[in-house]
Amino acid sequence: MLTRQVYSLSRRAYCSASINLGNDIQNTKPYAEMPTLSFFKMVKENLPGGKYYKKSIKEITKMFYDEYGDTIRIPPMLGKPEVVITYNAENFEKVFRVEGTWPVRLGIDSLTYYRETKRPEIYKDLGSLFASNGEKWSYMRTIANPILMQPKTVKKYTTQIDEIAKEFIEVMKKIRNDKSEMPGDFSNYINTWSLESVTAVGLERRLNLFDENTKDENAEKLIKGIRNFFEMTAEYDGKASIWKYYQTKGFKELLNVYDTLTDIIMHYIDQAIKEMNENDSSNDAEDSILRKLLRVDKRVAVIVVSDLMLAGVDTTASATLNTLYCLAKNPEKQEILRQEVINILPDKNSKLTPEKARNMPYLRAVVKESFRLFPVVLGNVRMTTKDIVISGYQVPANTHVAMQPVFDLTSEKLFPNGTQFLPERWLREQTEGCPRAGATNPFTFLPFGFGARSCVGKRIAELELETLVANIIRNFKIEWHYPDMKVKSTFVNIPDSEMRFKIIDV
Ligand code: HEM
């Protein structure tokens, strides 16, 4: 059995001590001199015929970098505040170090607008984990942390998440074609698995999405709603949009998406309350996540569960597809992982337990390396609370800074052999001839964000992702026989190719 440990850059980021905030402003340039995209140019280039027109966030990012360098100022426009974008990881630490006690992340304004104006009976005086800032966010996060971030609580779901993964293995056997390949829309199947898993955890409910005959009546609406949410908010919140002045038909459709999702979640929560009343265990220690939330307040439960569904389905699905893709493209690494998994699950039907799940360092390293090569989110955003200096420019307090490590994650300087898939770089024990990730600035690689505002669903995501990947690798060799996978950027990076993995029984 492998007993190697996995290197944690994010843990090092938390612990790193001496920081130079760059407050010595001698030899620095004023904020006004930072390369800036003018309002006029931004509008012109976003119109038909302009170079940003219909381009993805990722494509626009590359254009900015090539034209303006590693730090650029985007002026305020159409109700959006001014934002500094930086692609240089050295700046990230300076920004995170001045994020304050209630870190401010640019919210999803359309969601806040919907919640405050369309459904005040649920949301008005309460915030959201995902979309609020300040005291309202802090109140929700204080409730959510001990429930969602507790390893003990999340571990309780291992058996159920493992059962769902094993059911998904049967789905994969059923849907393979005569060449033993997955169908072109395999991403949708993975999305379905992700939703099944997250609702089992957050709503304490199996939707039976793998079985056409018994699947929940709201399944399609939920899957479509969550996908629309990501695509539409990338359009209405990620880019300049006029909705704060005029609500287009498309924007009204987004409000309908929010309505549908809220209604479905309310419906399940009402059912859970009914079941809870019929069968009240009155034992907080043994309670599920939903029951713990309901004990606080029904509206809190609706908000937290909605946030989990919005934030947790497509992200985990993308991360899983990326990991499988990396393994399919690197069969020798896949074989190392398989040996580790066989040690833990000697039989294909062996059940995963929390103890066994802890003992798969190579799997952890595989997932990390996949995150590095295929980041699920483009980066992190924070508002500064003090004056700082980044890339030699003075940046005043209260500036929103978007930190995007896209170019650094594969740079030779930060990650030697940066374009290669080398999970070994994350293992504590050095593998001969393999570069270590540990030497890199820990702020370069923060796939789940940083500090008090970091991903509240990290443990749930890791449990789901690792359990499914372990089960797939235990059952099949996976191969890739097509051109390289393309990625589409919405708020999350989603695979944009037909994911026709070939699977061979082992
Ligand atoms: C591989 C999958 C996932 C990735 C890569 C991911 C990544 C992230 C990132 C980068 C943030 C922002 C952190 C920051 O600003 O510092 C975030 C926030 C969040 N995530 Fe995740 N996430 C994943 C899965 C999940 C899951 C499964 C859930 C829920 C079950 C979830 C719930 C949330 C919530 C509610 C927030 C907002 C937290 C706050 O602002 O207080 N995420 N996630």
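Numbering of residues begins at 1 and proceeds along the displayed sequence. Numbering of ligands and ligand atoms starts at 1, following listing order. Quantities reported herein were computed from a predicted structural model and do not represent experimental measurements.
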For this session: Determine the sole option in Glu424, Glu340, Glu369 for which the salt bridge (Lys or Arg N to Asp or Glu O under 4.0 Å) test with Lys333 is passed.
Result: Glu424
Near-ring test [Y]/[X], centroid separation under 6.0 angstrom:
X: Tyr325; Y: Phe501; answer: no
X: Trp426; Y: Phe445; answer: yes
X: Tyr114; Y: Tyr258; answer: yes

Exercise. If we only count N/O pairs under 3.5 Å, is Arg105 in contact with ligand 1?
Worked result: yes
Exercise. So, is Leu129 polar-close to ligand 1, with some N/O to N/O distance under 3.5 Å?
Worked result: yes
Exercise. Does the side-chain contact (heavy atoms from CB on, under 4.5 Å) test come out yes or no for Ser288 and Tyr157, once each step is laid out?
Worked result: CA-CA 9 Å; Ser288 63; Tyr157 292 89; 3.5 Å; yes
Exercise. Would you call Lys356-Asp162 a salt bridge at under 4.0 Å N-O?
Worked result: no
Can you report which non-hydrogen protein atom sits closest to [atom], along with the distance?
atom: atom 26 (C) of ligand 1; result: Gly312 CA, 3.3 Å
atom: atom 24 (C) of ligand 1; result: Thr315 OG1, 3.4 Å
atom: atom 21 (Fe) of ligand 1; result: Cys455 SG, 2.3 Å
atom: atom 38 (C) of ligand 1; result: Arg141 NH1, 3.4 Å

Using a strict 4.0 Å cut-off to heavy atoms of [X], name the atoms of ligand 1 that fall inside it.
X: Val377; value: 10 (C)
X: Val456; value: 34 (C), 35 (C)
X: Leu308; value: 29 (C), 30 (C)
X: Pro447; value: 5 (C), 7 (C), 10 (C)
X: Gly449; value: 10 (C), 13 (C), 14 (C), 16 (O)
X: Phe450; value: 16 (O)
X: Ser454; value: 13 (C), 16 (O)
X: Thr316; value: 2 (C), 24 (C), 27 (C)

Seminar exercise, completed: In terms of heavy-atom contacts, Thr315 and Val492 come closest through CG2-CG1, 3.4 Å
Heavy-atom donor-acceptor pair, [X] side chain to [Y] backbone, under 3.5 Å:
X: Arg453; Y: Pro103; result: yes
X: Thr384; Y: Pro396; result: yes
X: Arg105; Y: Phe130; result: yes
X: Thr158; Y: Lys155; result: yes

Between [X] and ligand 1, which residue portion shows a heavy-atom distance shorter than 4.0 Å: side chain, backbone, both, or neither?
X: Glu464; result: neither
X: Ala311; result: both
X: Arg453; result: both
X: Phe448; result: both

Problem set entry | Side-chain heavy-atom pair Thr323, Leu327 within 4.5 angstrom cut-off | yes
Exercise. When you measure from atom 16 (O) of ligand 1 to each heavy atom in Met403, Arg459, Met140, Arg382, which option holds the nearest one?
Worked result: Arg382
